[in-house]
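Start at 1 with the first residue, then count along the sequence.
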Amino acid sequence: MPEALRLRCIRGAETEARANTWWQRLTSHKHPQGPAHQLYAGEHWSVVLGLSEAARENGFNSSLWIASAGYGLIPQEAQVRPYSATFARGQPDSVVRGSENKDTSEQLQRWWKTLSSHAGPAHGPPRTLHQLACAQPQANILIVASPLYVAAIADDLEFAAKDLQHPERLLVVSSPASLSKGTLAPHWIPSSAHHQQRLGGSRLGLHARVAREILQGARGSYLNATEVQVRYQKLIKKSGPLRQYNRQLMTDDEVRGFIRQVMDEGTKSWSAALKQLRARQFACEQHRFKSLFVQIQENP
């Protein structure tokens with residue numbers, strides 16, 4: 001990945017200015033492009049790639065769109081360059097700048113709105129979820145994202161819901177968060193660790209597995225957020241207590257040492273390395289581990 005296509009290289013504090021500079025750099029760079037669906041990796045993405053097939057098997061005419069912190073809304077076949085930018089906090093390439101939490105959602109939404117104002121890499125398709133809903137008002141829209149990614153597209157989602165002929169066909173699968181109690185509450189499907197006992201896999205891919213289960217259980221080729229929300233709330237209440245882990249906490253230096261060790265053994269992704277760490281009964285919060293892993297990758 002070109003160093004210039006890491007968001008950390010864009011200076012300045014004002015969100016719109018940074019987003020515009022980022023977009024100019026991303027679209028003018030000479031690095032070769034490839035299909036967006038080949039750019040991403042990891043457990044979450046591997047499950048997401050199977051959602052379209054799960055939808056088609058159950059009678060839906062489906063298409064996969066990506067809410068990208070680098071490109072905005074793009075179809076999976078869009079030609080894009082490799083980049084590093086994220087809506088997650090506390091990482092070198094985070095959209096959010098500053099240590100204060102109070103304006104996180106505002107920064108994320110401004111970034112999304114600015115990227116959406118530019119013509120995308122696939123010329124012609126909608127650049128916002130609102131435009132997508134206007135173009136296909138009968139559509140089902142199933143969002144699978146972490147709370148911070150939902151925060152970035154929250155305004156866009158609200159406009160989309162208003163222009164769908166059946167607003168209940170907009171579903172947001174994510175962890176419980178403050179947004180799940182606001183205007184998006186009717187659309188929010190709680191994806192909590194309680195579902196992991198039933199669906200398997202790790203928490204990294206849990207939202208996508210919940211989405212797959214929703215598609216597989218849909219009736220009549222349409223989704224209904226109210227019905228699905230009630231179903232998943234009942235599943236949470238019926239589930240057993242969450243598994244408690246008694247893992248040993250590690251310092252940053254200890255984590256770095258572990259990362260160097262597994263890298264030497266051939267591990268290439270932070271998610272695979274984190275699984276190995278937890279399998280050995282050590283503890284490290286996911287975002288902290290990923291940040292340290294990226295640091296070691298860049299400065300071994």
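When only modelled atom types and interatomic distance are considered, N20 and H118 share a side-chain donor-acceptor pair under 3.5 Å. No side-chain donor from either of E43 and S271 sits under 3.5 Å from a side-chain acceptor of the other. A donor-acceptor pair shorter than 3.5 Å cannot be found between the side chains of T86 and Q91.
Minimum heavy-atom separation, S269 to F293: C-CZ, 3.5 Å. Residues A151 and L108 share a closest heavy-atom pair of CB-CD1, 4.1 Å. The nearest pair of heavy atoms linking P82 to L39 is CA-CD1, 3.4 Å. Closest non-hydrogen pair, A185 versus Q229, comes out as O-NE2, 2.7 Å.
Considering L148, I189, V150, V210 as possible partners of S174, the one that fulfils the side chain to side chain contact (heavy atoms under 4.5 Å, CB included) test is V150.
I296 and L277 fall within a single hydrophobic cluster, where Ile, Leu, Val, Met, Phe, Trp and Tyr side chains are chained together by heavy-atom contacts under 4.5 Å.
The distance between the ring centers of W45 and Y40 falls below 6.0 angstrom.
Note that CG of L157 and CG of L171 are 11.0 Å apart. Values are rounded to the nearest 0.5 Å. Here CG of L73 is found 13.0 Å from NE2 of H130. Values are rounded to the nearest 0.5 Å. Of the inter-residue distances, the one linking L142 atom CG with R169 atom CZ reads 13.5 Å to the nearest 0.5 angstrom.
A salt bridge does not link R231 to E213: none of the charged nitrogens lies less than 4.0 Å from a carboxylate oxygen.
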message: Evaluate R288 against D252 for salt bridge (Lys or Arg N to Asp or Glu O under 4.0 Å), listing each step before the verdict.
response: CA-CA 9 Å; R288 173 179 164 230; D252 283 0; 2.8 Å; yes
